[in-house]
Amino acid sequence: MTVTVYGLKTCDTCRKARKWLDRFEVAYDFVDYREQPVPAATLKDWAGQLGGWEKLVNKASTTWRNLLPQRKDPGSDPEWTLLIKEYPALVRRPVVVLDDGSVSVGFKDNLFKQRFGR
């Protein structure tokens, strides 16, 4: 199984997820999406699989709260992708993509146990 973890190197939740994967010997590639921005088409695919942009974007984050009110209501996919390109920290972390293309966001021990059969 190929696993790709997208996140930020400095994110505590991403660190916890990576430690979990290391502990259970799940091989993965890590992509810091500040250093390697995710293409707009990929972001749109992730949002679609997760059930919408609201599931992909962390509206409880400091980054979201500090946005101007008019930026908090993107009306189209291009507006969402532009917002994420400008503020990559808005994406819930980590984003885990399996080789079959399936996507999940966030880290919880039980979620990872189910996802990786450990």
Between the side chains of Thr10 and Arg15, is a donor N or O closer than 3.5 angstrom to an acceptor N or O?
no
How long is the gap from OH on Tyr33 to OG1 on Thr42, to the nearest 0.5 Å?
13.5 Å
Mind checking whether Trp64 and Leu50 sit in one hydrophobic cluster, side chains of I, L, V, M, F, W, Y counted as touching below 4.5 Å?
yes
For Thr2, enumerate each residue passing the side chain to side chain donor-acceptor pair (under 3.5 Å) test, keeping only those at least two apart in sequence or located in another chain.
none
Backbone N/O of Asp32 and side chain of Gln36: donor-acceptor pair under 3.5 Å:
no
Linked, directly or transitively: Leu56 and Leu83 (ILVMFWY side chains, under 4.5 Å):
yes
Residue pair Val97 / Val3, side-chain heavy-atom distance below 4.5 Å
no
Quick one: closest heavy-atom pair of Gly106 and Phe112, and the distance?
O-CE1, 3.6 Å
Among residues two or more places apart or on two chains, list those pairs meeting salt bridge (Lys or Arg N to Asp or Glu O under 4.0 Å) that have a residue in residues 38-50.
Lys44-Asp77
Under the side chain to side chain donor-acceptor pair (under 3.5 Å) rule, collect the residues that match up with Lys59, sequence neighbours excluded.
none
Beyond-backbone contact of Trp46 with Tyr6, side-chain heavy atoms, under 4.5 angstrom:
yes
Answer whether the closest heavy-atom distance between the side chains of Val31 and Val38 falls below 4.5 Å.
no
Would you say that Thr81 contacts Trp53 through its side chain, given a criterion of any heavy-atom pair below 4.5 Å between the two side chains?
yes
Kindly compute the distance separating NZ (Lys113) from CG (Leu111), expressed to the nearest 0.5 Å.
11.5 Å
Provide the closest heavy-atom pair for Asn58 versus Ser61 in the form atom of the first, atom of the second, distance.
O-OG, 2.9 Å
Taking all non-hydrogen atoms of both residues, which atom of Gly7 and which atom of Cys14 are closest, and how far apart?
CA-SG, 3.6 Å
Listed once per pair and sorted, the salt bridge (Lys or Arg N to Asp or Glu O under 4.0 Å) pairs that draw on residues 16-26, sequence neighbours left out:
Arg23-Asp109
Are Glu35 and Lys9 close enough that some pair of their side-chain heavy atoms sits under 4.5 Å apart?
yes
Applying salt bridge (charged side-chain N to carboxylate O under 4.0 Å, His left out) to Asp29 and not counting sequence neighbours gives none
Shortest non-hydrogen separation from Gln49 to Gly101 and the atoms involved
NE2-O, 2.9 Å
Residues two or more places apart in sequence or in another chain: which of them pass salt bridge (charged side-chain N to carboxylate O under 4.0 Å, His left out) with Lys72?
none
Are the side chains of Val96 and Val103 in touch, meaning some heavy atoms are under 4.5 Å apart?
no
State which residues pass side chain to side chain donor-acceptor pair (under 3.5 Å) with Arg34; sequence neighbours excluded, sorted by chain then number.
none
Sorted by chain and number, sequence neighbours left out, side chain to side chain donor-acceptor pair (under 3.5 Å) with Asn66 holds for none
Using the test salt bridge (charged side-chain N to carboxylate O under 4.0 Å, His left out), find all partners of Lys55 that sit at least two apart in sequence or belong to another chain.
none
Test question: given the 4.5 Å side-chain rule for I, L, V, M, F, W and Y, name all other residues clustered with Leu82, or answer none.
none
In the single-linkage hydrophobic clustering (I, L, V, M, F, W, Y; side-chain heavy atoms under 4.5 Å), do Leu98 and Phe107 co-cluster?
yes
Quick one: ring pair (Phe, Tyr, Trp, His ring centres under 6.0 Å) partners of Phe24, sequence neighbours excluded?
Trp20
Report yes if the side chains of Leu43 and Trp80 come closer than 4.5 Å at any heavy-atom pair, otherwise no.
no
Calculate, to the nearest 0.5 Å, the distance between atoms CG and CG belonging to Leu67 and Asp73 respectively.
12.0 Å
So which pairs with a foot in residues 86-99 pass side-chain hydrogen bond (donor to acceptor under 3.5 Å, both in side chains), sequence neighbours left out?
Arg71-Glu86
Of all heavy-atom pairs between Thr63 and Ala89, which one has the smallest distance, and what is that distance?
OG1-CB, 3.8 Å
Nearest heavy-atom approach of Pro94 to Val5 is CB-CG1, 3.7 Å
